[in-house]
Number of protein chains: 2
Amino acid sequence: MNPVLIEVLRGSSVESRHAGALAVVDASGAVHTALGDVERPVFPRSAVKLLQALPLVASGAAEAFALTDAELALACASHSGEPEHVATAAGVLAKLGLTVDALECGTQWPSREPVLRGMVARGEIATPLHNNCSGKHGGFLCLGCLMARHAGTEPAAFVHGYVAADHPVMREVSAALSAATGVDVERAPRGTDGCSIPTFALPLRSLALAFARAGTGQGLSEGHARAARRLRQAVAAAPFMVGGTDRFDTRLMQALGERLFCKVGAEGVYCAALPELGLGVALKVDDGAVRAAEAAMAAVAAALLQREDDELLQGYSHLPLRNWRGTLVGALRPAEALTRALAARR
Amino acid sequence: MNPVLIEVLRGSSVESRHAGALAVVDASGAVHTALGDVERPVFPRSAVKLLQALPLVASGAAEAFALTDAELALACASHSGEPEHVATAAGVLAKLGLTVDALECGTQWPSREPVLRGMVARGEIATPLHNNCSGKHGGFLCLGCLMARHAGTEPAAFVHGYVAADHPVMREVSAALSAATGVDVERAPRGTDGCSIPTFALPLRSLALAFARAGTGQGLSEGHARAARRLRQAVAAAPFMVGGTDRFDTRLMQALGERLFCKVGAEGVYCAALPELGLGVALKVDDGAVRAAEAAMAAVAAALLQREDDELLQGYSHLPLRNWRGTLVGALRPAEALTRALAARR
């Protein structure tokens, strides 16, 4: 069993507990902090979208289709389906000469409730463009269209079925994951992600290493190193695209710019790169709770960046809980094992 | 640390794990099954609404205001805010001569999404009647109005502030909890619930005992025993009221009638009474996940009632997980510790 990372208080009592594991690693693979089982494979889900977008830039596809900062940031995003996200995703498809039918991520209503309610009130319905992964899939299509151009094939036919593990696009994406993590993902346990692409279970230590590499360029090919820097800069320039209104990733990168790249994944995963410190971070909350993953990442970022008094980070690591009348009834807080592990490295 | 109760599979790999504790107890207090720490106090939240409704019936208030089965079932409910729930809650207030302003549970949008979308499309807004606890609060108001009648006081003035721990209504509710669980709740850790009433942290063993008592009448006062039977019968007669469309509690009690009373609570709590077997059940998922609490309760019910092949129960204990395109990507399943503990009692 992994140690408790985050406690949920009601009044002064601990009501719920979130166990998990955390790895902080430098680009040489040296472990800075390890808490819990960092060798157990976990599905990183959407937390590795930046790594999955490396071929988009390294291949020259992003340049060939003149992708903007906003479009590249959206390729690394789990966005909330707000109008700006949808318009940006639609813009990428337009550049490729494709329609929304090319997206194989499935239809999802916007996660941001006021946006969803606005759509319902106007009688609109969701499309694959509203799917939180539409930007990533736009990136896959962009890569596929460049491949089609090189192969002299009709793009729409070439990209069809791009979510399959053995499609040339997905093989390139998987290869980038293998290169960055140092794990041959073809030999890793495989599952199907929410957006229908394969997801591979990898040790947290390897995921943290990949983000240390993505933050520094060390240990990556020249093309991937340049692509990682370009993507980090794009997200820092357009942080709204990576999440949306009031989203932790967006708010954190709005505040910290290129000092931190972080990305949430489903089922309680978080990955981050801290380029100045040369560190990569990967954590997984055992039970899959996002609230705990965000709180843990806030605590980790505060400790590593020595911003323990940062109001934004404190607001997430000690998230206040209110009831239906708005009364303060409790809060999250980092558990002792987490604070001790982080303090040990000061 | 408690053992893992429920595993979440993606492909054939365990992606997430939900630890927790389980107590199955008979009305004499003898432990039938105990898994994990059943002495650690947990906030039972909405899982004890049936116990909180005992004074409503035992006082004669339910009879004085001629509450129907549907209204009594709603008093034990965490409903989805569907039109039938809202109309029934409004009907109780009308019987009392009170308006929606008397409800102190706060405003909550219906948890059932098609209902919420319909309201938004029609430009309607949520009220405290839509709050999942509106029926329970209607019951509190009913009790308060009878108290006011006995005291010769104006009801609206008497019931004002009924959610406070020291209000006569809430003192009666807390006394019923103490009597059923055998724990003096005034000495228990206290928090504020989502609907603003106090919630007390109690050992799972004591909560299971309370439900064994509520299912059998043994160990309760004559008035509370009769009230418990009346409430169980009301819920069995109107199971839609206790939850709503596609809700686990509703579907299970639609299928099993008076053989099982079960009730979910926030933060991963579940309580149940199995009158035929003379058993009470209480479980808490450490991390607060409802998906795991439902799956665990389904596994417990299947084992105790010897309905391992029941499709409905299997559907929850082994809940299939699908992605945005509807592809089957994984499932929940009871973990070995849980299946072993349940099998040991066959």
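From a predicted model like this one, the values you see are computed outputs, not experimental measurements. Within every chain, numbering begins at 1; the chains are lettered A, B, ... in the order of the sequence lines, protein sequences first and strands thereafter.
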Study note, to complete from the structure: Looking only at A/M119, A/R117, A/H18, the option with the highest number of non-hydrogen pairs under 4.5 Å against chain B is A/R117

Exercise for review: Determine which residues belonging to residues 130-137 of chain A lie within contact range of chain B, meaning some heavy atom pair is under 4.5 Å apart, and list them by number or answer 'none'.
Suggested key: A/N131, A/N132

Check your understanding: Are there more than 12 heavy atoms of other residues, nucleotides or ligands under 6.0 Å from atom CD of A/E124?
Key -> yes

Practice item. Among B/S196, B/G288, B/G11, single out the residue with the greatest number of heavy-atom pairs under 4.5 Å to chain A. Key: B/S196

Revision key, fill the gap. If you tally heavy-atom pairs under 4.5 Å between each of A/R122, A/E104, A/R190 and chain B, the highest tally belongs to A/E104

Exercise for review: Among A/T327, A/V14, A/T107, A/V8, single out the residue with the greatest number of heavy-atom pairs under 4.5 Å to chain B.
Suggested key: A/T107

Check your understanding: Any side-chain heavy atom of A/R17 sitting closer than 4.5 Å to one from B/M1?
Key -> no

Review point. Tell me, side chain or backbone of A/A19 under 4.5 Å from chain B's heavy atoms, or both, or neither?
Key: side chain

Point to revise | Side chain B/N323, main chain A/D193, donor-acceptor under 3.5 Å | key: yes

Point to revise | Those residues of residues 37-49 of chain B, ordered by number, that approach chain A below 4.5 Å (heavy atom to heavy atom) | key: B/R40, B/F43, B/R45

Exercise for review: Drop me the distance from B/R325's CZ to A/T192's OG1, to the nearest 0.5 angstrom.
Suggested key: 10.5 Å

Check your understanding: By a 4.5 Å heavy-atom criterion (distance strictly below it), what part of B/L116 contacts chain A: side chain, backbone, both, or neither?
Key -> side chain

Check your understanding: Relative to chain B, which segment of A/E7 carries a heavy atom at a distance below 4.5 Å: side chain, backbone, both, or neither?
Key -> neither

Point to revise | Most chain B-contacting option - heavy-atom pairs closer than 4.5 Å, from A/S12, A/G106, A/G118 | key: A/G106

**Study point:** Part of A/L321 within contact of chain B (heavy atom distance under 4.5 Å)
**Key:** neither

Check your understanding: Between B/E15, B/R322, B/R291, which residue shows the highest count of heavy-atom pairs closer than 4.5 Å to chain A?
Key -> B/E15

Point to revise | Side-chain heavy-atom pair A/K284, B/S16 within 4.5 angstrom cut-off | key: yes

Review point. Counting heavy atoms not belonging to A/I125, are there more than 12 under 6.0 Å from its CD1?
Key: no

Review point. Side chain, backbone, both or neither: which part of A/A121 has a heavy atom under 4.5 Å from chain B?
Key: both

Review point. Atom CH2 in B/W324, atom SG in A/C105: separation rounded to 0.5 Å?
Key: 10.5 Å

